[in-house]
Amino acid sequence: MAGAGLDEAAGLLISQIERVGEGGPVTVVAHSMGGPVLTRAAQLRPELWRTRCI
C-alpha cells in the first residue's frame, strides 16, 4: 500500500468494508493517516458507514 494515493487507499478500504460488512453499514475507527482515508471513503460511499470515529 506504500505509495498509494488517497483515492486508491479509500477504494481499498471500501472494497474491504463491502466484503466484511456484507453490504450493511459498519462502524469504523481510524487513527493517524487512516483518518483521511476513512473520510474520503465515506465521501465516496456514505451508505456503508454506521459510525465513523477519527
Side-chain angles (χ1 to χ4, degrees):
M1 179 123 155
L6 184 58
D7 284 340
E8 183 179 357
L12 291 169
L13 177 59
I14 288 168
S15 68
Q16 291 300 308
I17 295 301
E18 288 173 334
R19 189 173 64 156
V20 173
E22 298 178 345
V26 298
T27 299
V28 176
V29 177
H31 171 69
S32 190
M33 291 303 294
V37 174
L38 174 55
T39 299
R40 183 64 180 137
Q43 290 171 338
L44 294 170
R45 296 289 305 278
E47 74 279 4
L48 291 179
W49 317 103
R50 179 176 315 152
T51 307
R52 297 182 320 262
C53 181
I54 300 170

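This is a predicted model, so every value here is computed, not measured.
Taking both residues in full, the closest heavy atoms of Leu38 and Ala30 are given as CD2-CB, 3.7 Å, listed atom of the first, atom of the second, then distance. Taking every heavy atom of both residues into account, Ala10 and Ala41 meet most closely at CB-N, 3.7 Å. Here the shortest heavy-atom pairing between Leu13 and Val37 reads CD2-CG1, 4.1 Å.
When side chains are defined from C-beta on, Ile14 counts as touching Leu44, because their heavy atoms get closer than 4.5 Å.
Proximity of a side-chain donor or acceptor of Arg50 to a complementary backbone N or O of Pro25 within less than 3.5 Å is detected.
The 12-atom threshold is not exceeded at CD of Glu22, counting heavy atoms of other residues, nucleotides or ligands nearer than 6.0 Å.
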Exercise for the section: Could you please spell out the steps behind the side-chain contact (heavy atoms from CB on, under 4.5 Å) verdict for Val28 and Ile17? Expected result: CA-CA 9 Å; Val28 176; Ile17 295 301; 3.9 Å; yes
